[in-house]
Amino acid sequence: MAQVVTVFGGSGFLGKQVVRALARLGWRIRVAVRKPVAAYDLKPMGDVGQIQVVRCDVRKDADIARALDGADACVNLVGILHQGAGSSFDLIHRHASIVMADLCAAKGITSFVQVSALGADAKSASQYAATKAKAEAAVRKAIPQAVVLRPSVMFGPQDGFFTSLANQTKALPLMPAIGGGKTKFQPVYVGDVATAVARTLGAEGSLGKTYELGGPEVYSFKDLLTYVGSEIMCPRPLIWLPFVGARLIGLGGDLMAFFGITPLLTGDQALLLEKDNVVAKGALGLKDLGIAATAVESIVPTYLWRFRKNGQFAVPATVL
């Protein structure tokens, strides 16, 4: 009989790709999500009965325990990009990870994949980065064999990065190049990250290892702003915005997030933009898992064309 894996956060941007990848490998998948209605499209990704959706609020320990009943493996994809009323980075990242790992250890579940983030650092001024690192440490303490994946900013259809930049480019007459746009990024395709999850779950060669997942190229923030403007055929002048100015704008974003409004930028995100988001030299990565990293240019145009005035039939003049 196929083994059962509980995937926490399986209805999200990465989660749907992970469920598909695990289904292809024959896992029986229990998708634990706070809003099951958001996971209605997951079941057709596998055979009849292969994918089950259960309600789980990771802020409630009892929900996590129920979701892990009878499971053989666990994948934690849960994460938030900004805090809101009742959902803090500490609660969603660190505390939920501790509960999952401790319960898995008690149940003898050692196949565990923790999806963290590139730049996770317990000493970071960013609460997002700090709590991601603390979650990693808690998981490793309970389950030394756990695999930790640290993806860079992910791209793909319906992403929150290039799509957001395209929306801003269309709406604003000028695009702010925060910190002069010098911060470096190594965007990674969401499908490659999902494949990495599937290949490391339960794999003896990956036990206890940490992988940093980035794409084939490194870009400056300025490069990416220019690329998006070119790709949607709506170039905008870039205006230099100091980091302190971004933090001030982020205060307004924090207030929006508190009232349930999705912000363009929060104070914590402004702090993240002050450090490069690239794979460390010598770190294990996609190549070590036999995955050829997918280029930005091969995927992003397939979903940004809808922002062009003449849609997919308009061809941009330049690319990265």
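For the single chain, residues carry numbers from 1 onward in sequence order.
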Cluster question for you: counting only ILVMFWY and a side-chain heavy-atom cut-off of under 4.5 Å, with indirect links fine, are [X] and [Y] together?
X: L165; Y: I249; answer: yes
X: V148; Y: V197; answer: no
X: L25; Y: V113; answer: yes
X: L77; Y: L118; answer: no
X: M45; Y: V31; answer: yes

Measuring from [X]:[atom1] to [Y]:[atom2], what's the distance to the nearest 0.5 Å?
X: L174; Y: Q168; atom1: CG; atom2: CD; answer: 13.0 Å
X: L225; Y: L238; atom1: CG; atom2: CG; answer: 5.5 Å
X: K43; Y: Q50; atom1: NZ; atom2: CD; answer: 12.5 Å
X: S111; Y: Q145; atom1: OG; atom2: CD; answer: 8.5 Å
X: I92; Y: I80; atom1: CD1; atom2: CD1; answer: 5.5 Å
X: C74; Y: L201; atom1: SG; atom2: CG; answer: 9.0 Å

Any side-chain heavy-atom pair from [X] and [Y] closer than 4.5 angstrom?
X: F307; Y: N167; value: yes
X: P235; Y: T226; value: no
X: C56; Y: F8; value: yes
X: Q269; Y: L264; value: no
X: D61; Y: H95; value: yes
X: L213; Y: D192; value: no
X: S152; Y: V279; value: no
X: L286; Y: V188; value: yes

Classify the side-chain pair [X]/[Y] by whether it contains a donor and acceptor separated by less than 3.5 Å.
X: S87; Y: Q83; result: no
X: Q127; Y: D268; result: no
X: N277; Y: T183; result: no
X: S220; Y: D223; result: yes
X: S11; Y: Y40; result: no
X: S116; Y: E136; result: yes

Check your understanding: So Y227 and F162, would you call those rings parallel, tilted or perpendicular, with 30° and 60° as cut-offs?
Key ->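 Perpendicular, since the angle between the ring planes exceeds 60°.
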Is [X] reaching over with its side chain to a backbone N or O of [Y], donor-acceptor style, under 3.5 angstrom?
X: T195; Y: G191; answer: yes
X: D102; Y: V99; answer: no
X: S164; Y: F161; answer: no
X: D72; Y: V4; answer: yes
X: R28; Y: I51; answer: no
X: R236; Y: L172; answer: yes
X: R30; Y: D69; answer: yes

Check your understanding: Could you walk me through whether L68 and C104 pass the side chain to side chain contact (heavy atoms under 4.5 Å, CB included) check?
Key -> CA-CA 8 Å; L68 286 170; C104 283; 3.9 Å; yes
Ignoring hydrogens, what is the shortest heavy-atom contact between [X] and [Y]? Give both atom names and the distance.
X: S97; Y: N76; answer: OG-ND2, 3.1 Å
X: E217; Y: Q186; answer: O-CG, 3.4 Å
X: Q312; Y: R308; answer: O-NH1, 4.1 Å
X: T210; Y: L284; answer: O-CB, 3.7 Å
X: A198; Y: A21; answer: CB-CB, 3.9 Å
X: A32; Y: T6; answer: CB-CG2, 4.2 Å

Point to revise | Derivation and outcome, side chain to side chain contact (heavy atoms under 4.5 Å, CB included), residues M100 and V58 | key: CA-CA 9 Å; M100 288 178 204; V58 296; 3.9 Å; yes
Practice item. Measure centre to centre between the rings of H82 and F89, then say whether the value is under 6.0 Å. Key: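 For H82 and F89, the ring centres are not under 6.0 Å apart.
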Review point. Below 6.0 angstrom between ring centroids: does that apply to Y219 and F185?
Key: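 Here the rings of F185 and Y219 have centres that are no less than 6.0 Å from each other.
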Check your understanding: Would D121 and K123 count as a salt bridge (Lys or Arg N to Asp or Glu O under 4.0 Å) if you check the C-alpha gap in whole Å, the side-chain angles of each, and the deciding distance to 0.1 Å?
Key -> CA-CA 5 Å; D121 180 0; K123 298 180 180 179; over 6 Å; no
Exercise for review: With salt bridge (Lys or Arg N to Asp or Glu O under 4.0 Å) as the test, would you mind laying out the steps for R247 and E274 before giving the verdict?
Suggested key: CA-CA 10 Å; R247 286 184 219 153; E274 295 184 21; 2.8 Å; yes
**Study point:** Sequence neighbours excluded - salt bridge (charged side-chain N to carboxylate O under 4.0 Å, His left out) pairs with any residue from residues 198-213
**Key:**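 Matches after skipping sequence neighbours: R150-E212.
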Practice item. State whether R66 and D63 are salt-bridged, where the test is any N-O pair (Lys NZ or Arg NE/NH1/NH2 against Asp/Glu carboxylate O) under 4.0 Å. Key: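 Yes.
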Practice item. In sequence, state the C-alpha distance, the side-chain angles, and the governing distance for W240 and I178, and then conclude on side chain to side chain contact (heavy atoms under 4.5 Å, CB included). Key: CA-CA 6 Å; W240 178 71; I178 298 173; over 6 Å; no
Exercise for review: For F221 and K184, run side chain to side chain contact (heavy atoms under 4.5 Å, CB included): C-alpha distance rounded to whole Å, both residues' side-chain angles, the deciding distance at 0.1 Å, then the answer.
Suggested key: CA-CA 6 Å; F221 187 47; K184 292 181 172 56; over 6 Å; no
Exercise for review: Decide salt bridge (Lys or Arg N to Asp or Glu O under 4.0 Å) for K182 and D276; before the verdict, give the C-alpha distance in whole Å, the side-chain angles of both, and the deciding distance to 0.1 Å.
Suggested key: CA-CA 9 Å; K182 296 179 181 179; D276 293 339; over 6 Å; no
Check your understanding: Is the count of non-hydrogen atoms from other residues, nucleotides or ligands lying under 6.0 Å from K107 atom NZ greater than 12?
Key ->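 Yes.
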